[in-house]
Amino acid sequence: MNDPRSASGGRPEADRRLPRVFFERPVLEVAPDLLGRILVRNTPLGPVELRLTEVEAYAGEQDPGSHAYRGRTGRNAVMFGPPGHAYVYFTYGMWHCLNLVCGPPGQASGVLLRAGEVVRGAELCRPRRPSARRDTELARGPARLATALDIDGSLNGTDVCDGDPGAALSIRHGAPVDERGVRTGPRTGVGGDGAEHPWRFWIASDPTVSPYRPHRPRRSKDRLDVPASGS
DNA sequence: CTTCCGATCTTCT
DNA sequence: GAAGATCGGAAGC
């Protein structure tokens, strides 16, 4: 009765996909529960599998750090849709980042997937991440993760609970991390009123977790210090 | 190791 | 016009 395969049609528990109900819970439950799960990305060249080691929770319209804070826009529309879908956004003019929509429908909350360990398909990732000196750096950061897994805006809105075995994105059950192995802290790069919450979750002592970077407002471009004298 | 800063585009003021 | 859920290179310690 304790055979993990008995309830899943002969598949080991770890190979089962996370069902939509997994994502229908409050974001602060879903986020740490994603650690140790396997993100499966079926690229045109083959599958890449990533063991998630670092995530951040974004709690909808009440969260000053969230893209949903100022209500629905063209960019964040997917966050206001059903859970279990990918919200991919383009940032800093260069990069993409991947979130999973979760919580009850309409809450516009989501989990930013910040880092992971490539456990399959690293040979497909390396050419996309030439600056990575070691495989632990392939997906060590949210934009690096998206780059390594060939994730861009064309995947925005993708249903990660789709039953199709060839779906572009899905999440396998994997080996969830015991809460004693989870660390929490402030979210990377989030400033203002959203900075106080310890809504970043990572696996303790994992080399693929990204370095913490505190929020730093950019100096305005044309702010020149006026010389003390005119010549 | 750390700090600084440019690249480049979307969104909001 | 300014800031932003970032990154990589350069320079300093």
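In what follows, chains carry the letters A, B, and so on, assigned in the order in which the sequence lines appear, proteins first and then strands, with residues in each chain numbered from 1.
Distances shorter than 4.0 Å separate some side-chain N or O of R70(A) from OP1 or OP2 on dT13(B). For the pair R213(A) and dT2(B), the criterion of a side-chain N or O lying under 4.0 Å from OP1 or OP2 is not met. Side-chain nitrogen and oxygen atoms of R144(A) include at least one within less than 4.0 Å of the OP1 or OP2 phosphate oxygen of dG8(C). Between dG4(C) and T91(A), no contact under 4.0 Å exists linking OP1 or OP2 to a side-chain N or O.
Using a 4.0 Å heavy-atom criterion, one finds that R140(A) contacts no nucleic acid atom at all. R187(A) comes within 4.0 angstrom of nothing in the nucleic acid, heavy atoms only. G141(A) comes within 4.0 angstrom of the backbone, heavy atoms only, and of no base. Residue contacts for H67(A): at a heavy-atom cut-off of 4.0 Å it reaches a base atom on one of the strands shown.
With sequence neighbours left out, H197(A) forms a ring pair (Phe, Tyr, Trp, His ring centres under 6.0 Å) with W199(A).
T136(A) and E117(A) are not linked by any side-chain donor-acceptor pair at a separation below 3.5 angstrom, with hydrogens and angles left out of the test.
For Q62(A), the CD atom sits in a loose shell: 12 or fewer heavy atoms of surrounding residues, nucleotides or ligands are nearer than 6.0 Å.
Applying the 3.5 Å distance criterion, the base of dA7(B) shares no donor-acceptor pair with the side chain of Y92(A).
At least one donor-acceptor pair closer than 3.5 Å links the side chain of H215(A) to the backbone N or O of G189(A).
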